[in-house]
Amino acid sequence: MTTTEHESPTAVGSGTAATDKFKNERVSADTSPERVAAIARDALSALHKVILDHNVTYPEYRVLKQWLIDVGEGGEWPLFLDVFIEHAVEEVLARSRKGTKGSIEGPYYVADAPELPSVCTLPMREVDTKETPLVFSGQVTDLDGKGIGGAIVELWHADADGYYSQFADHLPEWNLRGKIITDGEGRYQVTTIQPAPYQIPTDGPTGAFIAAQNGHPWRPAHLHLIVSAPEHESVTTQLYFDGGEWLDSDVASATKPELVLRPTSGDDGINRVTYDFVLDPAAG
Ligand code: BEZ
Ligand code: FE
């Protein structure tokens with residue numbers, strides 16, 4: 001057992017929660033039928049090439065079918081796609097951005113977190129207060145360095161055991177999640193705890209896929225953020241910690257050198273770090 005005594009969340013438990021959340025969002029995209037057809041054609045060609053290059057057999061094809069069924073039944077599509085595919089989509093978005101570098105959102109974002117003032121503490125349990133406190137502060141500006149008052153710094157992260165609230169039954173709703181509203185100069189200061197590295201659930205089909213490649217299931221410790229303000233493009237990103245384990249081999253391929261924090265640890269046992277966010281103007 002870890003910091004607290006509880007049943008470990010299972011892949012099927014957190015996967016199903018992630019799938020249910022995604023299904024409720026009812027997404028759509030403004031994509032022309034021609035573009036859909038071209039992408040579908042190229043995706044199939046790429047897959048056919050892999051099958052032909054590797055002489056894939058019928059038994060292997062049937063194992064693939066079974067595995068795809070297992071991913072769906074385990075509710076693991078959000079997990080699998082966000083680990084192995086999302087970083088490429090984010091790379092496309094990054095081509096048109098000048099401000100703060102983005103990173104993947106991952107499957108554990110939940111909208112409508114509690115709003116908090118510019119100087120605040122994230123909602124946390126009593127047991128979380130025993131972890132290393134992290135005071136994270138900075139400013140949100142535009143591309144010219146002008147502070148943006150009333151910007152929203154939405155922050156969510158795993159606890160010291162690597163679990164996210166709303167995706168693990170033993171955690172209270174909104175634990176380590178909040179929307180911080182910047183002051184008139186765009187400044188914020190939030191107290192939270194140092195997150196731990198996060199392990200992709202290993203007991204389901206995504207875990208089996210990782211093991212089949214002799215890979216490891218770890219993401220480095222990270223903070224998730226969505227920073228937004230009227231008339232600006234919002235940025236979805238993550239911040240990592242210098243020297244952190246798995247920083248050079250993130251299973252989700254989502255780290256960038258510009259997104260690495262270097263906190264100082266004070267004599268009072270508190271880690272402190274600043275990070276400024278720069279927002280692009282709204283497109284069009
Ligand atoms: C995460 O950042 O927590 C995450 C990203 C991709 C897949 C699973 C988790
Ligand atoms: Fe995460």
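Read the numbers this way: they start at 1 and go in the same order the structure lists the ligands and their atoms.
- Looking at P78, P107, P195, G106 and measuring to atom 8 (C) of ligand 1, the nearest heavy atom belongs to P107.
- For ligand 1, the atoms sitting less than 4.0 Å from at least one non-hydrogen atom of I200 are 8 (C), numbered in the order shown with element in parentheses.
- Close contacts between ligand 1 and L79 involve ligand atoms 8 (C) [criterion: under 4.0 Å to a heavy atom].
- Looking only at protein heavy atoms, the nearest one to atom 7 (C) of ligand 1 is V83 CG2, 3.2 Å.
- The backbone N or O of A46 sits nowhere less than 3.5 Å from a side-chain atom of H48 that would complete a donor-acceptor pair.
- Here the side chain of T100 pairs a donor or acceptor atom with the backbone of V278 at under 3.5 angstrom.
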_Before you tell me yes or no, could you show the steps for D128 and N175 under side chain to side chain donor-acceptor pair (under 3.5 Å), namely the whole-Å CA-CA distance, both residues' side-chain angles and the distance that decides it to 0.1 Å?_
CA-CA 9 Å; D128 294 319; N175 202 60; 3.1 Å; yes

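- A distance-only check finds a donor-acceptor pair linking the side chain of E86 to the backbone of G106 [under 3.5 Å].
- A donor-acceptor pair is defined here as one N or O able to donate and one able to accept, closer than 3.5 Å; such a pair exists between the side chain of Y240 and the backbone of A254.
- Each protein N/O/S atom under 2.8 Å from the Fe ion (ligand 2) was counted, for a total of 3.
- One option in L223, D82, L81 has a heavy atom closer to atom 6 (C) of ligand 1 than any other, and that option is D82.
- Ligand 1 lies less than 4.0 angstrom from a heavy atom belonging to H224.
- Members clustered with V27: F22, by chain and number, using a 4.5 Å side-chain heavy-atom cutoff among hydrophobic residues.
- S253 OG to F84 CZ: the interatomic distance, rounded to the nearest 0.5 Å, is 8.0 Å.
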*So Q238 and R219, side-chain contact (heavy atoms from CB on, under 4.5 Å) or not? Walk me through it.*
CA-CA 11 Å; Q238 297 188 29; R219 299 214 60 223; 2.8 Å; yes

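- Side chain of T237 to main chain of L225: no donor-acceptor pair is present (N/O by atom type, distance under 3.5 Å, no hydrogens or angles).
- Close approach to I104 involves these atoms of ligand 1, each under 4.0 Å from a residue heavy atom: 5 (C), 6 (C).
- In terms of polar-atom proximity, Y198 is not counted as a contact of ligand 1, lacking any N or O under 3.5 Å from an N or O of the ligand.
- If you check which protein heavy atom lies closest to atom 3 (O) of ligand 1, you get Y164 OH, 3.0 Å.
- Using a non-hydrogen distance threshold of 4.0 Å, H222 registers as a contact of ligand 1.
- Between W77 and W67, the ring planes lie perpendicular to each other; the angle is over 60°, past the 30° to 60° tilted range.
- For ligand 1, the atoms closer than 4.0 angstrom to any heavy atom of Y108 are 3 (O), 9 (C).
- Counting the atoms of ligand 1 from 1 in the order shown, those under 4.0 Å from a heavy atom of R219 are 1 (C), 2 (O), 4 (C), 5 (C).
- Under 4.0 Å is where a charged nitrogen must lie from a carboxylate oxygen, and between E258 and K256 no such pair does.
- A side-chain donor-acceptor contact under 3.5 Å links E76 to the backbone of T206.
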